[in-house]
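Here the structure comes first, spelled out in structure tokens, and everything after it is commentary.
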Amino acid sequence: MKKVLPILFVIALASMSVSFLSADAPDSHCKDLKKTECEKKKGCCWVKGHEQKGKKIHGYCRRCGK
């Protein structure tokens with residue numbers, strides 16, 4: 001019994017991590033779209049390029065509530 005509990009704990013952690021990774025799946029319909037494609041697609045918004053913590057962030061398409 002003492003060996004079974006750690007194994008169950010590891011399995012539970014692994015299944016939770018898989019569910020967190022798959023949470024990004026709804027954004028996939030906006031990912032990697034160019035600006036013109038993004039602006040035309042319903043539910044996607046273009047984020048302008050900007051600087052964050054001294055690093056240049058290029059513009060990108062993401063899911064939004066439109």
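Numbers here simply count residues along the sequence, with the first being 1.
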Side chain to side chain contact (heavy atoms under 4.5 Å, CB included) against Q52, all qualifying residues, sequence neighbours excluded: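 Partners of Q52 under the side chain to side chain contact (heavy atoms under 4.5 Å, CB included) test: H50, I57.
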Using modelled atom types and a 3.5 Å cut-off, is there a donor and acceptor pairing between side-chain atoms of E39 and backbone atoms of T36?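 A pair under 3.5 Å: no.
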Would you name the heavy atoms of H29 and L33 that are closest together and state the gap between them?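 What the structure gives for the nearest pair is O-CD1, 3.6 Å.
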K40 NZ to W46 CH2 distance, which is reported to the nearest 0.5 Å: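 CH2 of W46 is found 13.5 Å from NZ of K40.
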Check the pair C45, C30 against disulfide (SG to SG under 2.5 Å), reporting the backbone distance first and the verdict last. CA-CA 8 Å; C45 295; C30 299; over 6 Å; no
Do the side-chain sulfurs (SG) of C38 and C61 come closer than 2.5 Å?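 Yes.
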